[in-house]
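Presented below is the structure to which this report refers.
Because only heavy atoms are used, hydrogens play no part in the values below, and waters and symmetry mates are left out as well, while side chains stay in. Below, read A as the first sequence line, B as the second, and so on, with proteins coming before strands; counting in each chain starts at 1.
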Amino acid sequence: MAEITVTFEDGAAERLPAGITAAEAMRRHAGRDGGRARLERAVAARVEADGSTVVDLTRPLLRDCRVAPVAVETPEGLEVIRHSTAHLMAQAVKRLFPETQITIGPVIENGFYYDFKRPGGFASEDLPRIEETMRAIVAEDLPVRREEVARGEAVRRFREMGEHYKVEIIEGIPDDVVSLYHQGEFVDLCRGPHVPSTGRIPAFRLTSLAGAYWRGDARNEQLQRIYGTAWASEQDLEAYLKRLEEAKQRDHRRLGQVLDLYSLHPIAPGSPFFHAKGAVVYNTLVQYIRSLYARYGYTEVITPLIYKTELWKTSGHYDAFHDDMFLMTIEDEEYGVKPMNCPGHCYLFATRKHSYRDLPVRYADFSRLHRFEPSGTLAGLVRVRSMAQDDAHIYCAPEQLDGELERFVAMTREVYAAFGFDRVEVTLQTRPEKFLGRLELWEAAEAALRRALERAGYAVTVLEGQGAFYGPKIGFDFRDVLERSWTLATVQIDCAMPERFGLRYVTAEGTEATPVMLHRAVLGSLERFIAILLEHTAGRLPLWLAPVQVRVLPVSEKAAAYATRVADACRAAGLRAEADLRNEKLGYKVREAQVEKVPAVAVVGEREAAAGTVAPRTEGAAQPAVPLDAFVAATVAEACVPGGEP
RNA sequence: GCCGAUGUAGCUCAGGGGUAGAGCAGCUGACUUGUAAUCAGCAGGUCGUCGGUUCGACUCCGACCAUCGGCUCCA
């Protein structure tokens with residue numbers, strides 16, 4: 001029999017019969033070096049020949065290669081068990097509900113899902129039953145077997161089983177041979193790799209039930225998706241579930257209530273009411289951005305909230321989005337509440353004749369916008385129907401475009417640095433199927449965005465076809481506590497509106513030209529930004545943004561007068577300060593100030609009143625007393641808006 | 001919009017076909033307080049809304065509304 005050379009992790013090489021399985025090869029070698037324990041923890045094998053691939057432990061080795069075990073707790077190992085758990089779940093579902101058709105079941109971050117079509121559907125009470133059956137199948141420790149068959153044969157078998165979605169998938173595969181995985185009575189189309197037997201799946205939990213569309217298209221049949229999570233051990237599973245629980249403590253919807261920042265009411269779904277404290281955060285953010293506008297050369301404008309719909313017919317928004325707008329008919333004329341500022345700014349630009357010397361024109365606008373977002377998509381402050389952006393539109397000459405993009409990236413960087421946001425994910429979203437404007441403009445615009453990102457040195461994910469209908473865009477995305485991704489900053493080059501609105505400027509040569517138009521926002525929507533900021537800081541807003549910056553706590557009524565004087569002194573210095581004069585013990589007031597995350601707490605008793613000092617409590621701990629003036633000066637220093645006037 | 005779940009006092013939650021419960025918050029009083037909850041009393045509800053079943057519904061059924069987790073969408 002032919003032999004091959006197999007090299008192991010320790011560098012040793014052995015001549016072994018071709019066709020030996022990866023597991024057997026490692027087992028023979030381990031017998032000599034004592035690595036059996038590691039082998040028992042392996043769920044797959046890494047084989048390196050031409051490239052490096054993770055394969056089944058039962059995969060036969062046919063050529064010279066290096067082979068190493070893949071431990072269950074490694075990223076590759078977790079991927080294997082998660083995929084195997086998806087199969088396990090599908091098998092359990094088929095046992096309990098044989099009328100169900102299986103579709104696809106991929107691995108996702110921290111877990112997996114599987115999409116099913118079941119007449120009558122699943123209810124969440126089904127999940128515990130499915131889990132129970134899964135545990136039974138683990139106890140059966142069914143061997144998992146890979147089989148390669150001709151595509152036609154695979155189609156025939158799945159058709160016989162009544163698995164029509166699988167048939168459709170296989171028919172779309174270009175290869176002549178496909179691989180199937182068997183475990184007991186269950187068989188699924190799959191590339192693998194998988195654990196060698198169902199008993200090797202250590203810990204899992206089914207987490208939720210959701211709707212999903214076949215092939216991700218809303219025009220297709222609605223399937224049901226069951227989500228689960230799987231880990232290398234019960235302890236890891238518990239730790240993961242605990243992390244999820246802890247993340248909920250930082251959820252902006254909880255913090256928004258505890259901190260009395262905003263609320264939502266069914267009378268205006270998706271439209272937050274900002275309470276007095278939330279309004280301070282909102283307005284301070286606007287003030288911060290305004291201070292940067294002075295430096296970055298923007299001029300602020302105020303434009304109408306309601307327009308005749310002709311405006312969006314010109315811009316193209318009406319065709320694409322009129323179902324998603326708040327529309328009304330007044331005196332037989334249709335009007336709409338603006339969902340974005342751009343068309344209004346185009347009218348503004350056209351109110352006078354522009355010279356190349358005026359450009360770039362940068363119109364900033366903090367107007368409220370109203371979008372009729374679908375009911376099922378609303379979420380706290382991150383997806384709303386009523387919002388305001390730190391929006392601006394830039395009109396420039398083509399040769400100014402690169403400079404404007406660079407200026408935008410610089411401003412974005414400055415703002416994110418001020419908030420300590422470092423987990424940004426940058427995407428470039430290109431021309432969608434339905435688009436307006438000339439193709440050559442689109443190509444030039446996409447090239448300009450690519451250049452800007454390259455110069456900025458961002459690692460970029462390209463999302464083909466995800467751009468706006470009027471132009472390609474860059475998105476700066478951040479994760480919320482549930483790891484969902486949301487766009488904050490964006491910059492978009494408009495390939496349609498300048499021409500549709502007939503915008504012109506006079507060039508140096510005295511001819512007329514169409515300006516380049518940019519849409520951009522740095523914070524994005526203020527609502528969404530506040531949500532991400534709250535979650536990022538766990539509610540401990542920086543002092544300059546905190547609704548209450550200083551709270552003065554008298555130890556007893558005897559210090560009430562002095563506490564009032566201290567609070568007045570803080571307010572005179574421009575701080576948002578208040579004295580807590582309620583008839584409560586100090587410990588009670590301290591606790592409340594902590595819970596409300598007031599950044600600067602000053603305790604005053606008879607000693608402080610006599611000495612003209614305060615005893616600060618910062619970062620959750622009592623500090624030695626300092627003179628009142630020094631406390632005020634230090635707090636004022638911390639209250640400076642970042643990057644603002646010195 | 002679609003699938004699944006949830007909705008009881010301002011908040012967090014218990015309860016269950018036969019007159020609605022707790023803790024915190026609120027109000028009143030006592031205590032005069034030294035760094036994460038002092039004590040007592042009082043008040044607070046169309047049990048999301050509308051309809052149905054029933055002698056009787058907060059509880060069972062249906063529709064709707066809102067919220068939550070996904071899917072689709074996201075100018």
Pairing string of RNA chain B (Watson-Crick or G-U wobble, both atom distances under 3.5 Å; | = paired to other strand) is (((((((..((((....[..)))).(((((.......))))).....(((((..]....))))))))))))....
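The interatomic distance linking D480(A) (CG) with C68(B) (P) rounds to 12 Å, in whole Å. Taking atom CG of D580(A) as the reference point, atom C1' of U33(B) lies 13 Å away to the nearest angstrom. For L518(A) and A75(B), the CG to P distance is 17 Å, given to the nearest whole Å. Atom CZ in F326(A) sits about 17 Å away from atom P in A75(B), given to the nearest Å. Atom-to-atom, CG of N341(A) to P of A75(B) comes out at 15 Å; the value is rounded to the nearest Å. Taking atom CZ on R591(A) and atom C1' on G34(B), their separation rounds to 18 Å, with Å as the unit. Between R254(A) atom CZ and C68(B) atom C1' there is a gap of 16 Å when expressed in whole angstrom units. Look at NZ on K248(A): it is 14 Å from P on U12(B), rounded to the nearest Å.
Contact between the side-chain N/O atoms of K585(A) and the OP1/OP2 oxygens of U32(B) is not found at any separation under 4.0 Å. For G69(B), one of the phosphate oxygens OP1 or OP2 lies less than 4.0 angstrom from a side-chain nitrogen or oxygen of R253(A). Between G4(B) and S208(A), no contact under 4.0 Å exists linking OP1 or OP2 to a side-chain N or O. Not one side-chain nitrogen or oxygen of Q257(A) sits closer than 4.0 Å to the OP1 or OP2 atom of G10(B). In this model, the phosphate group of C3(B) is not approached by any side-chain N or O of Y113(A) to a distance below 4.0 Å at OP1 or OP2.
Remark: the separation of the C1' atoms in G45(B) and G10(B) is 12 Å, to the nearest Å. U12(B) and A25(B): their C1' atoms are spaced 11 Å apart (whole Å).
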For a salt bridge (charged side-chain N to carboxylate O under 4.0 Å, His left out) check, start with the C-alpha distance between E592(A) and R551(A), then their side-chain angles and the critical distance, and finish with the verdict. CA-CA 10 Å; E592(A) 204 150 283; R551(A) 185 171 291 164; 5.2 Å; no
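Backbone-only contact: G270(A) has heavy atoms under 4.0 Å from sugar-phosphate atoms and none from a base. G316(A) comes within 4.0 angstrom of nothing in the nucleic acid, heavy atoms only. Among the atoms of the strands shown, none is found under 4.0 Å from any heavy atom of A621(A). Across all strands, K558(A) comes closer than 4.0 Å only to sugar-phosphate atoms, never to a base (heavy-atom distances). Using a 4.0 Å heavy-atom criterion, one finds that L223(A) contacts no nucleic acid atom at all. Heavy atoms of Q224(A) sit under 4.0 angstrom from primed sugar atoms or phosphate atoms, though from no base atom. Counting non-hydrogen atoms under 4.0 angstrom, R484(A) reaches the backbone sugars and phosphates but no base.
Under a 4.0 Å N-O distance rule, the pair R215(A)/D217(A) does not qualify as a salt bridge. By the 4.0 Å N-to-carboxylate-O rule, E238(A) lies close enough to R205(A) to be salt-bridged with it. Checked for salt-bridge contact, K434(A) and D319(A) miss the test: no charged N lies under 4.0 Å from a carboxylate O.
Taking the ring centre of Y113(A) as origin, the terminal cationic atom of R225(A) falls inside the region bounded by 6.0 Å and 45° from the ring axis. Cation-pi check for R423(A) over F478(A) is not met; the charged atom does not lie both under 6.0 angstrom from the ring centroid and within 45 degrees of its normal.
Between the side chain of E125(A) and the base of G4(B) there is no donor-acceptor pair of N/O atoms closer than 3.5 Å.
Rounding to the nearest 0.5 Å gives a distance of 9.0 Å between CZ of F122(A) and CG of L96(A). Taking CG of L441(A) as the start and CD1 of I493(A) as the end, the distance is 10.0 Å to the nearest 0.5 Å. Atom CD of residue Q623(A) and atom CZ of residue F631(A) lie 11.0 Å apart, to the nearest 0.5 angstrom.
When only modelled atom types and interatomic distance are considered, R500(A) and S315(A) share no side-chain donor-acceptor pair under 3.5 Å.
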Any N/O pairs under 3.5 Å between the protein and nucleotides 71-74 of chain B? List them or say none.
unit_1: C71(B); atom_1: O4'; unit_2: G211(A); atom_2: O; d: 3.0
unit_1: C71(B); atom_1: O2'; unit_2: Y213(A); atom_2: N; d: 3.3
unit_1: C73(B); atom_1: O2; unit_2: R383(A); atom_2: NH2; d: 2.8
unit_1: C73(B); atom_1: N3; unit_2: R383(A); atom_2: NH1; d: 3.0
unit_1: C74(B); atom_1: O2; unit_2: R383(A); atom_2: NE; d: 3.3
unit_1: C74(B); atom_1: O2; unit_2: R383(A); atom_2: NH1; d: 3.2
unit_1: C74(B); atom_1: O2; unit_2: R383(A); atom_2: NH2; d: 3.3

